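This one's a predicted model, so the numbers in the text were calculated from it and none came from an experiment.
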Amino acid sequence: MKLSSDGPWSARVFLLLVLLHLSGALAYSYWGQHRGGMKHSGRRNLGRHRRKDALLAAEVPYFDPTSPTHIKAQLGSSAYLPCKIKNLGNKSVSWVRNRDAHILSVDRYTFITDARFAAWHEAVTNTWTLQVKFVEEMDAGRYECQVSTEPKMSHFVQLTVVTPRVSIPGGSELHVRSGSTVTIKCVVSHALHPPNYVFWYHEDARVPESSWTGVEQTPLTRVTEEASVAALTIASVTHAHAGNYTCAPAALKSVSVTLHVLNGERPAAMQHGSNPAWSPSPHLYHVICAFVASHLASFRLLLLPSLCYTLHR
């Protein structure tokens, strides 16, 4: 570009054009760099937000799928209801009995006056366990493990109480001859685990092996998959051995039998409850007499009244 010789105004115009050109180039360079920086900054912020969302999602509490939903406990024993929770964080854990919506515990604190209930936390396995001691039949039902999220999360555990059966074969009466040997058996069946011991009682006193000569107690022994048997054997039974005998397994209901000692009678007939000699009812007497009277007139006039009176007596 060639400058004219028109004076200072031409120089001024030239310098102004140069400045405008330079300022435009600088502005273009600045905004280009700024837009690029904003673009990269936005990408970095988006990445941070995504990582934060993923981290928050990983920290949401959830129930371990291996946590059981059905627990069996034997009557009189202790039941343990586990609830495994991952990523619990600062959330609280409550146990609720669904039968009456009673809050049993919150974290490690118990909110029921029944001292049989307790809760504790095992940090290694992330498990919150509800314990029910000395289980009763009324304890059966559904229990809820609840996490204080919004909305609340719940895991349900069904408690089944198994009641073993205790029986003495042969009924409630046992008849034996004096001088014979008798064995009273106590059968415990349908038990998750056999009782630790079985006590025998004669009337109100416990029967130790040393109290009588010839008395032997056999501890509870499993004889089948579902049944165990304890036995009390008395050799050379006397009348002193007669009376009520009770089998009392640990933490289970007791069962009793009455022992009768006989002298020369037939215990088998008495044991099976045989009836005395058959005798017709008074109504049957009248039927027989009426039948005979209708067919034998002479017999009716002479002998029938006295005979029927005798039979009726």
>> Check whether S105 reaches the backbone of R108 with its side chain - one donor and one acceptor, N or O, closer than 3.5 Å.
In response: no
Looking only at heavy atoms, the pair that brings R222 and E226 closest together is NH1-N, 4.2 Å
- With a distance cut-off below 6.0 Å to the six-membered ring centre and an angular limit of 45° from the axis, does R97 pair with Y143 as a cation-pi contact? no
Please confirm whether the backbone N or O of V93 pairs with a side-chain atom of D107, one donor and one acceptor, at under 3.5 Å? yes
Review point. Are N263 and H239 linked by a side-chain donor-acceptor pair shorter than 3.5 Å?
Key: yes
Enumerate donor-acceptor pairs with a distance under 3.5 Å from any side-chain N or O in residues 158-171 to protein atoms, sequence neighbours excluded.
unit_1	atom_1	unit_2	atom_2	d
T160	OG1	H70	NE2	2.7
T163	OG1	E137	OE2	3.0

Working for side chain to side chain donor-acceptor pair (under 3.5 Å), residues T246 and N244: CA-CA 7 Å; T246 299; N244 183 270; 3.2 Å; yes
Side chains of residues 145-152: which donor-acceptor partners sit under 3.5 Å, not counting sequence neighbours?
unit_1	atom_1	unit_2	atom_2	d
Q146	NE2	E144	OE2	3.0
S148	OG	S92	N	2.8
T149	OG1	P151	O	2.7
T149	OG1	M153	N	3.3

### Message
Please determine whether the number of non-hydrogen atoms from other residues, nucleotides or ligands lying under 6.0 Å from atom CD1 of I112 exceeds 12.
### Response
yes
Closest non-hydrogen atoms of E122 and W120, given as atom of the first, atom of the second and distance, are OE2-NE1, 3.4 Å
Checklist line | Short side-chain to backbone donor-acceptor contact, R116 and F134, under 3.5 Å | finding: yes
Residues L88 and P61: closest non-hydrogen pair is O-CG, 4.0 Å
TODO: Verify, without hydrogens or angle tests, whether H155 (side chain) and P68 (backbone) share a donor-acceptor contact under 3.5 angstrom.
DONE: yes
Any donor-acceptor pair under 3.5 Å linking the side chain of E173 with the backbone of H260? no
The complete set of side chain to side chain donor-acceptor pair (under 3.5 Å) pairs with one or both residues in residues 189-205, sequence neighbours excluded, reads none
